[in-house]
Number of protein chains: 2
Amino acid sequence: MTYEQAELRADMLKALAHPVRVLIVDALTAGDRCVCELNALADIDQSGLSRHLAILKKTGIVSDRRNGMKVFYHLETPCILKALTCAFEAVKNHARRRASLLRAG
Amino acid sequence: MTYEQAELRADMLKALAHPVRVLIVDALTAGDRCVCELNALADIDQSGLSRHLAILKKTGIVSDRRNGMKVFYHLETPCILKALTCAFEAVKNHARRRASLLRAG
DNA sequence: CCACCATATGCGAATATGCGCATAAGGGCA
DNA sequence: TGCCCTTATGCGCATATTCGCATATGGTGG
């Protein structure tokens with residue numbers, strides 16, 4: 001893999017690597033949501049949420065669509081979920097390994 | 001998903017979200033490598049590489065094993081590759097969409 | 001046009017990340 | 001023990017992220 005290819009992948013991962021953005025992507029798997037609905041996900045300023053959405057949009061993970069006064073966000077890359085699930089499984093495995101090491105040692 | 005669960009996933013993604021670390025994980029899919037081998041992957045200081053490896057190790061993505069003077073790193077979570085592949089496909093889709101928008105508009 | 005609602009952006013401050021240099025730490029070998 | 005090789009860590013600096021506040025923008029309805 002070239003460095004440039006690695007950079008593309010890293011940019012994608014970086015766009016996802018924030019708890020609020022993970023929550024957003026998770027919520028969008030159930031269907032499109034407007035900003036006002038997503039705002040209930042985390043205890044965060046509205047402007048902050050808007051910025052997180054802009055980050056996801058810039059990398060193409062989500063797209064947006066206006067409907068009257070509201071803007072709805074749509075998950076463009078559902079496969080990104082596999083990444084999240086994998087990450088979660090890996091975290092659990094890691095925790096389990098650490099726990100058994102603590103028991104043994 | 002709770003905020004705590006999202007934080008765990010985000011930590012995992014953050015650990016991967018750097019081009020050098022992506023290169024490391026990619027290289028380790030072909031088998032264990034010592035630091036001196038990995039050092040050839042990118043034009044980076046040896047201390048920097050060591051730090052990147054420490055980040056991957058802390059989250060459980062890789063583990064290390066001493067063999068004589070050398071330390072070998074091992075990929076603990078090969079499923080993480082699916083995340084990388086997904087990220088890459090998503091990047092390509094995004095680029096394609098942007099390109100066709102440019103053509104149309 | 002004006003008031004209002006939903007969303008986005010400018011700005012500054014706090015914090016985190018990444019880097020290189022120097023150096024420490026762990027281990028092999030004479 | 002002393003020297004060398006491989007890898008890790010302390011430190012300071014530059015840059016990037018994140019956040020909240022204030023405010024701008026786009027759209028609706030009176």
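The analysis underlying the following values was restricted to heavy atoms, covering all of them including side chains, and did not include hydrogens, waters or symmetry mates. Below, chain A is the first sequence line, B the second, and so on; all start at residue 1.
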What I want to check is whether an N or O donor and acceptor connect the side chain of A/Q46 with the base of C/dA6 at under 3.5 Å.
no
Check: B/R21 side chain, C/dG18 base, donor-acceptor under 3.5 Å:
no
Please confirm whether any donor atom in the side chain of A/S47 sits under 3.5 Å from an acceptor in the base of D/dC21, or the reverse.
yes
Main-chain N/O of A/K14 paired with A/R21 side-chain donor or acceptor, under 3.5 Å
yes
Partner of A/T77 under side-chain contact (heavy atoms from CB on, under 4.5 Å), chosen from A/I61, A/L56, A/T59:
A/I61
Measure the distance from NZ on A/K57 to P on C/dA8 and round it to the nearest whole Å.
7 Å
Closer to the 5' end of DNA chain C via nearest nucleotide, is it A/R51 or A/K70?
A/K70
Atom CG of B/L53 and atom P of C/dT17: how far apart are they, to the nearest Å?
17 Å
Between B/D32 and B/R65, is there a salt bridge with N-O shorter than 4.0 Å?
yes
Could you pick out which residue, A/G68 or A/H18, lies toward the 5' side of DNA chain D when each is mapped onto its nearest nucleotide?
A/H18
Nearest heavy atom decides the nucleotide; on that basis, is A/I55 or A/R66 closer to the 5' end of DNA chain D?
A/I55
Taking the minimum atom-to-atom distance to the side chain of A/V71, which one of C/dG26, C/dA8, D/dA8 wins?
C/dA8
